[in-house]
Protein chains: 2
Amino acid sequence: MHTGTWGFSEATHRPASTTQQAVEGIKQYIRDNALKPGDTLPTESELCEELGFSRSSVREAIRILTTLDIVDVRHGTGTFVSSTSLKALVQGLIFRATLDADDNLETLRDVVEIRQAIDLAIGQEITAKLDPSKLEQLSIIVEKMSAKRKQGLNFAEEDREFHQVLLSEIDNPIIRELNDAFWQVHMNVIPLRKLEEPQDFSRTVRAHQDIVDALQNNDLKKYQESVLRHYEPLLTSL
Amino acid sequence: MHTGTWGFSEATHRPASTTQQAVEGIKQYIRDNALKPGDTLPTESELCEELGFSRSSVREAIRILTTLDIVDVRHGTGTFVSSTSLKALVQGLIFRATLDADDNLETLRDVVEIRQAIDLAIGQEITAKLDPSKLEQLSIIVEKMSAKRKQGLNFAEEDREFHQVLLSEIDNPIIRELNDAFWQVHMNVIPLRKLEEPQDFSRTVRAHQDIVDALQNNDLKKYQESVLRHYEPLLTSL
DNA sequence: GGTGATTTGTACGTATGTATT
DNA sequence: GAATACATACGTACAAATCAC
């Protein structure tokens, strides 16, 4: 039983649409020519000739591949191979979260729970690969966060950077991308809700500091407690 | 600083393309009319009027939303709201895996590692929500797996079902979907590689039985050991 | 079962906006 | 600024699938 790319078991073996054929054709072109991220693809008209499909079909195929972040189109310049990311996951989850934004916030809570689960799951690898220079980086970021908070400024970028540096020692790139993807979803959904209380910001900064401290002591248990404390104010408010 | 849906900080505030406007328009239409999965959207021509864009732009927008599994298009019938899934994540990761299929299998290893991490992370919730009827279901599935293995048959569907039932008690739907998404990626990528050895299949069946046993004893530690054993043959071969 | 109406799918032509040289 | 190459947008026509009558 072959189930195709989507994992369905399509009983009806309908011939793939022209657009889908074009999608597969372009994917195959990338593989055959071993194109790397940043490499240019043929122009739309060239792709039309190459694949034997009309402009419309090729364009719709390119839209699909753009959405999956497999290619990157720059107006007036050309089409390029993209370093595939989890952009589509982010978009899909943000839309889902905005659907029920008015009456409940389940999706946001789910997202935060997963961020917490990821941070907990990587605890062992993180503490094992302790790197003094990374710890130094983390400390500096927390200081910046603290400074911004005292000025009443938003420290979202520092927050993102903190978690990225924290994950930078993790071998598995997909975990790193999932981590950032859920961070993006989280931050895009938060504005739809009422803002956090000021005391929560203060607690958040302290929680980041706790994580650094735990890592400095190479203390897995304390790390996990700090992670739980980091997300606690959010989860209880949801 | 507003960063838009993608989390970028676009310095150049270029006006969104017509296609992107159409995407947002259709999303907004779904929200405004509180459409639920399965509900029909206006026809393409009606959407063109409603949004004021040409058919091509609306079509490309629909392609994007189809890729994100936000809408579902049926030829000759109409366009429907879809229950958003992680289909796009699956497609993107499968493509990534096929890129380096010939020389290495990093992506497959990364995917298996994440499956393992998810199964480990849910251990506490799983063992806490022990349900005899679910355990019964799991036992039956393992028996089916065992029977199929002895006949030399593929038991992928039973494997999928096992992990779905295992996760069915988890509250967080996104975790359930992630679990299934990574299962799909895993199974779609496996055929690109050499088949597993027969003794691995036997070990896999036993590992599933071990998981059921651990849950029957409500033994978290044994559950985690079983999960590790479940993925071990795969990870070492990668 | 067949026919026509409806809806999406494909093709092509033309004009316009955009970036590079 | 001009020329070129490219993507973007729109409109129209027809093909293919589906459904109701």
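Each chain gets a letter, A, B and so on, in the order the sequences are listed, and its residues count up from 1. Here the structure is a predicted model, which is why all the values come from computation and not from measurement.
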query = Can a side chain N or O of R59(A) be found less than 4.0 Å away from OP1 or OP2 on dT8(D)?
reply = yes
ask   = Is any side-chain nitrogen or oxygen of T19(B) closer than 4.0 Å to OP1 or OP2 of dT8(D)?
value = no
ask   = Taking D39(A) for the side chain and K36(A) for the main chain, is one N or O donor matched with an acceptor at less than 3.5 Å?
value = yes
ask   = Does L35(B) offer a backbone N or O that forms a donor-acceptor pair with the side chain of N33(B) under 3.5 Å?
value = no
inquiry  = Regarding D69(A) and T84(A), do their side chains bring together a donor and an acceptor under 3.5 Å, going by distance alone?
reply    = no
query = In terms of side-chain heavy atoms, does R176(B) have a donor or acceptor partner in S168(B) at a distance below 3.5 Å?
reply = no
Whole angstrom is fine here: how far is it from [atom1] in [X] over to [atom2] in [N]?
X: R55(B); N: dT7(C); atom1: CZ; atom2: P; result: 11 Å
X: F80(B); N: dT8(C); atom1: CZ; atom2: P; result: 9 Å
X: D72(A); N: dC6(D); atom1: CG; atom2: C1'; result: 15 Å
X: E60(A); N: dA7(D); atom1: CD; atom2: C1'; result: 16 Å
X: L47(B); N: dG9(C); atom1: CG; atom2: C1'; result: 16 Å
X: E49(A); N: dA11(C); atom1: CD; atom2: C1'; result: 15 Å

Looking at [N], does its base get a donor-acceptor pair with the side chain of [X] below 3.5 Å?
X: S54(B); N: dA9(D); result: no
X: R74(B); N: dG9(C); result: no
X: H75(A); N: dT18(C); result: no

ask   = Just checking S45(B): base, sugar-phosphate only, or nothing, at a heavy-atom cut-off of under 4.0 Å?
value = nothing
message = Students often get this wrong, so: under 4.0 angstrom with heavy atoms, is E44(B) touching a base, only sugar-phosphate, or nothing?
response = sugar-phosphate
task = List for me each residue that meets side-chain hydrogen bond (donor to acceptor under 3.5 Å, both in side chains) alongside N172(B), sequence neighbours excluded, and say none if there are none.
result = E113(A)
task = Is it possible for you to check whether R149(B) lies under 6.0 Å from the centre of the six-membered ring of F155(B), through NZ or CZ, and within 45° of that ring's axis?
result = no
task = Measure from NZ or CZ of R115(B) to the centre of the six-membered ring of Y231(B), then state whether that distance is under 6.0 Å and the direction lies within 45° of the axis.
result = no
ask   = More 5' along DNA chain C: T77(A) or S56(A), using each one's nearest nucleotide?
value = S56(A)
Choosing from [options], which nucleotide comes nearest the side chain of [X]?
X: T18(B); options: dA7(D), dC10(D), dT8(C); answer: dC10(D)
X: S57(B); options: dA11(C), dA9(D), dT8(C); answer: dA9(D)
X: V73(A); options: dT8(D), dG9(C), dA19(C); answer: dT8(D)
X: F53(A); options: dA11(C), dT8(C), dG11(D); answer: dA11(C)

message = Can you build the contact string for nucleotides 1-6 of chain C? Use B for base contact, S for sugar-phosphate-only contact, and - for no protein heavy atom under 4.0 Å.
response = ------
query = Taking the six-membered ring for Trp, are F162(A) and H208(A) parallel (under 30°), tilted (30 to 60°) or perpendicular (over 60°)?
reply = perpendicular
